[in-house]
K.L.:
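My structure is below; once you've seen it, I'll send some questions.
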Amino acid sequence: MNNCIYPGQILLDNNNKRVQAHGGSLFFENGIYYFYGENKEFTTGKNKIWTAGVKYYSSTDLYNWKDEGFLIEPSEDKNSILHPSHCLDRPHIVKNNKTGKYVCYLKFSHPKKESFFVVLVADRFIGPYSIVKNEYRPFNLLVGDFDIYIDKNNDAYLYFSNMKDGIVAMKLSDDYLDVVGEYKRYYVGLNFPFAREGVAVFEHDNKLYMITSGMTGYVPNQSKIALLKSPLGELVELGDPAIDDPTNTTFHSQISTVFKDPKTGTYISLADRWIPSLKFTPKKSERMIRAAASTNDKNYKANIFELATLGFIPFNCAKVNTSVADYVWLPINFDGEFPQIRWLDSWTLEEEK
């Protein structure tokens, strides 16, 4: 039994197995926390398995987790979009209080098609979920990492990486199954590794924030946080929320979402440490970013030795063993309007209350 959160350490379920809910999110309902995400149990980097369904776990304290099985089961049919060889990422489930339905968006980077969403609905959070939209590209845009924000009026907004063409934001229809109006672009014109992905949007004290990561796949990098003046409004850069992190790698992790605990009001940054064995010193991180940037930006210069280091960094996500990926959950505190994430070896909700 755990009595606190241990960032970066192996998280085991009630069966003493690794929790498999990567790129995941938390959902709270009827006094129960649900942690759900990508099942990477069989993703060793040596096979064609990317994500074997969406698993979920339940808890009453956020410290101890019971394996509840699959929210969305993998399919054995190779032609099904839910076959484990297809690149399912970052499930997000929201309840639509207007319709009473639970809406799930899945991102797919299909090996033979351009990236898209699959949208599912259910009458209960625990399912069963049914596909209502396949190969969905809002405004015919390529989709990447994403998040969904719901305001006080139960209006929903979708934010996703449009790969190297920035982050796009748009309002969803009343049923959350389509987009309406026009879309807004942020972070346009940035190249690898500075293009933005890993989108997480949350509200605090009537202010809306967006966290993004650089675009280096499963290799950790520096996060940025920005203030949005409205859901589709202007963006104001605030800097790196990871305080006192000399490696500029968001404590060797990538943030997937931010959860506000309804019991204590604590804001929690949920992140994945995709490659636990990959550690950066400040110098190594600086060299990696400079060498990567020099491949498509003449303003960055890297010598032959720095460029050679790129060959030893696993940028190819398909070759990474994410079955042993860990989680980095840390509290977010606020210095005025600036959200700050600091490293803690362990922490409790009561301490951050």
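This is a predicted model, so every value here is computed, not measured.
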K.L.:
At their closest point, which heavy atom of Ala293 faces which heavy atom of Tyr300, and how far apart are they?
P.N.:
CB-CG, 3.6 Å
K.L.:
Please tell me whether Gln340 and Asn333 have a donor and an acceptor in their side chains that are separated by less than 3.5 angstrom.
P.N.:
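Distance-only check fails for Gln340 and Asn333.
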K.L.:
Looking only at heavy atoms, what is the nearest atom pair of Val132 and Val121, with distance?
P.N.:
CG1-CG2, 3.6 Å
K.L.:
Spell out, as yes or no, whether a donor-acceptor pair under 3.5 Å connects the side chain of Asn248 to the backbone of Gln222.
P.N.:
no
K.L.:
Side chain of Arg90, backbone of Tyr105: donor and acceptor closer than 3.5 Å?
P.N.:
no
K.L.:
Once you round to the nearest 0.5 Å, how far does CD1 of Ile5 lie from CH2 of Trp347?
P.N.:
3.5 Å
K.L.:
Taking the side chain as every heavy atom from C-beta outward, state whether Leu330 and Ile268 have any atom pair closer than 4.5 Å.
P.N.:
no
K.L.:
Answer yes when Arg290 and Glu286 have at least one side-chain N-carboxylate O distance shorter than 4.0 Å, and no when they do not.
P.N.:
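Salt bridge: yes.
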K.L.:
Could you pull out the closest heavy-atom pair between Tyr186 and Met210, with the gap in Å?
P.N.:
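Heavy atoms only, the tightest pair is CD1-CE, 4.2 Å.
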K.L.:
Does the side chain of Ile243 come within less than 4.5 Å of Phe338's, by heavy atoms?
P.N.:
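Yes, side chains in contact.
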K.L.:
Can you get from Val219 to Val320 by hopping between Ile, Leu, Val, Met, Phe, Trp and Tyr side chains that sit under 4.5 Å apart?
P.N.:
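Yes, it is one cluster - the side chains of Val219 and Val320 are joined through contacts under 4.5 Å.
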K.L.:
Can you confirm if the aromatic rings of Tyr136 and Phe116 lie within a centre distance of less than 6.0 Å?
P.N.:
no
K.L.:
Output, in order, the C-alpha distance, side-chain angles, deciding distance and verdict of side-chain contact (heavy atoms from CB on, under 4.5 Å) for Lys133 and Val118.
P.N.:
CA-CA 6 Å; Lys133 281 196 172 185; Val118 171; over 6 Å; no
K.L.:
Among pairs that include at least one residue of residues 71-80, which meet side chain to side chain donor-acceptor pair (under 3.5 Å), considering only residues two or more places apart or in two chains?
P.N.:
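Those involving residues 71-80 do not exist here.
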K.L.:
Would you give the length of the straight line joining atom OG1 of Thr216 to atom CZ of Phe194, rounded to the nearest 0.5 angstrom?
P.N.:
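With rounding to 0.5 Å, OG1 (Thr216) is 10.5 Å from CZ (Phe194).
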K.L.:
Parallel under 30°, tilted from 30 to 60°, perpendicular over 60°: which one fits the rings of Trp65 and Phe35?
P.N.:
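Ring orientation, 0 to 90° scale: tilted.
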K.L.:
Return the set of residues passing salt bridge (Lys or Arg N to Asp or Glu O under 4.0 Å) with Arg273 (not counting sequence neighbours), or none when no residue passes.
P.N.:
none
K.L.:
Tyr327 side chain to Ala21 main-chain N or O, any donor-acceptor pair under 3.5 Å?
P.N.:
yes
K.L.:
Working to the nearest 0.5 angstrom, can you tell me the gap between Leu172 CG and Ile150 CD1?
P.N.:
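CD1 of Ile150 is found 8.5 Å from CG of Leu172.
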K.L.:
Using the ring centroid of each side chain, check whether His86 and Phe108 are separated by less than 6.0 Å.
P.N.:
no
K.L.:
For Asp261 and Tyr33: C-alpha separation, side-chain torsions, deciding distance, then whether side-chain hydrogen bond (donor to acceptor under 3.5 Å, both in side chains) applies.
P.N.:
CA-CA 9 Å; Asp261 177 29; Tyr33 298 98; 2.5 Å; yes
K.L.:
Write out all pairs satisfying salt bridge (charged side-chain N to carboxylate O under 4.0 Å, His left out) with one or both partners inside residues 2-20, taking only residues at least two apart or from two chains.
P.N.:
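Listed once each, the pairs are Arg18-Asp326.
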K.L.:
State the NZ-OG distance between Lys66 and Ser59, to the nearest 0.5 angstrom.
P.N.:
11.5 Å
K.L.:
Ring-plane angle category for Phe125 and Tyr56, please: parallel below 30°, perpendicular beyond 60°, tilted otherwise.
P.N.:
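Perpendicular: the ring planes of Phe125 and Tyr56 meet at over 60°.
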K.L.:
For Cys4, does its backbone N or O pair with a side-chain atom of Asn2 as donor and acceptor, under 3.5 Å?
P.N.:
no
K.L.:
Report the C-alpha separation of Ser58 and Glu68 in whole Å, then their side-chain angles, then the decisive distance to 0.1 Å, and conclude whether the side-chain hydrogen bond (donor to acceptor under 3.5 Å, both in side chains) test is met.
P.N.:
CA-CA 7 Å; Ser58 64; Glu68 298 287 1; 2.6 Å; yes
K.L.:
Hey, what's the ring geometry for Phe315 with Phe192, parallel, tilted or perpendicular (30° and 60° as the breaks)?
P.N.:
perpendicular
K.L.:
Among Phe160, Tyr159, Phe146, exactly one meets ring pair (Phe, Tyr, Trp, His ring centres under 6.0 Å) together with His92. Which residue is that?
P.N.:
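Answer to the ring pair (Phe, Tyr, Trp, His ring centres under 6.0 Å) test with His92 among Phe160, Tyr159, Phe146: Phe146.
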K.L.:
Does a side-chain heavy-atom distance below 4.5 Å link Asp272 with Ser256?
P.N.:
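A side-chain contact under 4.5 Å exists here.
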K.L.:
Using a 4.5 Å cut-off on heavy atoms from C-beta on, say whether the side chain of Pro74 contacts that of Leu82.
P.N.:
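Side chain of Leu82 against side chain of Pro74, heavy atoms only: no contact under 4.5 Å found.
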K.L.:
Taking the side chain as every heavy atom from C-beta outward, state whether Asn39 and Val54 have any atom pair closer than 4.5 Å.
P.N.:
no
K.L.:
With Pro282, which residues qualify under side chain to side chain contact (heavy atoms under 4.5 Å, CB included), at least two apart?
P.N.:
Pro246, Thr247
K.L.:
My understanding is that only residues two or more places apart in sequence, or in another chain, count here; which of them pass side chain to side chain contact (heavy atoms under 4.5 Å, CB included) with Asp151?
P.N.:
Tyr149, Asn153, Asp155, Tyr157
K.L.:
How far does CG of Leu235 sit from CG of Leu238, to the nearest 0.5 angstrom?
P.N.:
8.5 Å
K.L.:
A side-chain contact here means heavy atoms from C-beta on lying under 4.5 Å apart; do Pro220 and Ser253 qualify?
P.N.:
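With C-beta onward as the side chain, the pair stays apart.
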K.L.:
Where is the tightest heavy-atom contact between Ala122 and Pro128, given as atom of each residue plus distance?
P.N.:
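Result for this residue pair: CB-O, 3.2 Å.
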K.L.:
Give me each pair satisfying salt bridge (charged side-chain N to carboxylate O under 4.0 Å, His left out) with a member in residues 37-51, each pair once, sequence neighbours excluded.
P.N.:
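Only Glu38-Lys40 qualify under salt bridge (charged side-chain N to carboxylate O under 4.0 Å, His left out).
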K.L.:
Mark yes or no for whether Asp245, through its side chain, and Thr249, through its backbone, hold a donor-acceptor pair below 3.5 Å.
P.N.:
yes
K.L.:
Quick one: pull up CD1 in Ile167 and OG in Ser161 and give me the separation to the nearest 0.5 Å.
P.N.:
4.5 Å
K.L.:
Work out which heavy atom in Leu88 is nearest to a heavy atom in Leu106; give both atom names and the distance.
P.N.:
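Closest approach of Leu88 to Leu106, heavy atoms only: CD1-CD1, 3.9 Å.
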K.L.:
Among pairs that include at least one residue of residues 225-262, which meet ring-ring contact (aromatic ring centres under 6.0 Å, His included), considering only residues two or more places apart or in two chains?
P.N.:
Phe251-Trp343
K.L.:
Taking everything shown except Phe139 itself, do over 12 heavy atoms lie less than 6.0 Å from its CZ?
P.N.:
yes
K.L.:
Search all heavy atoms of Val199 against all heavy atoms of Asp147 and return the closest pair with its distance.
P.N.:
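That closest heavy-atom pairing would be O-CB, 3.5 Å.
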K.L.:
Could you identify which residues cluster with Phe42, counting Ile, Leu, Val, Met, Phe, Trp and Tyr as linked when any side-chain heavy atoms lie under 4.5 Å apart, either directly or through a chain of such contacts?
P.N.:
Ile49
K.L.:
Is there any salt bridge (charged side-chain N to carboxylate O under 4.0 Å, His left out) pair reaching into residues 228-238, and which pairs are they, with sequence neighbours excluded?
P.N.:
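Qualifying pairs: Lys184-Glu234.
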K.L.:
What's the verdict on side-chain hydrogen bond (donor to acceptor under 3.5 Å, both in side chains) for Asn64 and Asp61, showing C-alpha distance, side-chain angles and the deciding distance?
P.N.:
CA-CA 7 Å; Asn64 300 280; Asp61 57 14; 3.0 Å; yes
K.L.:
Strictly by salt bridge (charged side-chain N to carboxylate O under 4.0 Å, His left out), give each pair with a member in residues 115-124 just once, sequence neighbours left out.
P.N.:
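Counting only pairs at least two positions apart or across chains, the salt bridge (charged side-chain N to carboxylate O under 4.0 Å, His left out) contacts touching residues 115-124 are Lys101-Asp123.
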K.L.:
Test of understanding: with salt bridge (Lys or Arg N to Asp or Glu O under 4.0 Å), list the residues that count as partners of Asp67, not counting sequence neighbours.
P.N.:
Lys55
K.L.:
Between Ser213 (side chain) and Ser223 (backbone), is there a donor-acceptor pair under 3.5 Å?
P.N.:
no
K.L.:
Salt bridge (Lys or Arg N to Asp or Glu O under 4.0 Å) with Glu29: which residues, sequence neighbours excluded?
P.N.:
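Checked Glu29 against salt bridge (Lys or Arg N to Asp or Glu O under 4.0 Å); zero matches.
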K.L.:
Using a strict cut-off of less than 4.0 Å between a Lys/Arg side-chain nitrogen and an Asp/Glu carboxylate oxygen, indicate whether Lys152 and Glu203 qualify as a salt bridge.
P.N.:
yes
K.L.:
Taking the side chain as every heavy atom from C-beta outward, state whether Tyr36 and Leu26 have any pair of such atoms under 4.5 Å apart.
P.N.:
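Tyr36 does not reach Leu26 side chain to side chain.
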K.L.:
A side-chain contact here means heavy atoms from C-beta on lying under 4.5 Å apart; do Thr348 and Tyr63 qualify?
P.N.:
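Of all side-chain heavy-atom pairs linking Tyr63 with Thr348, at least one is under 4.5 Å.
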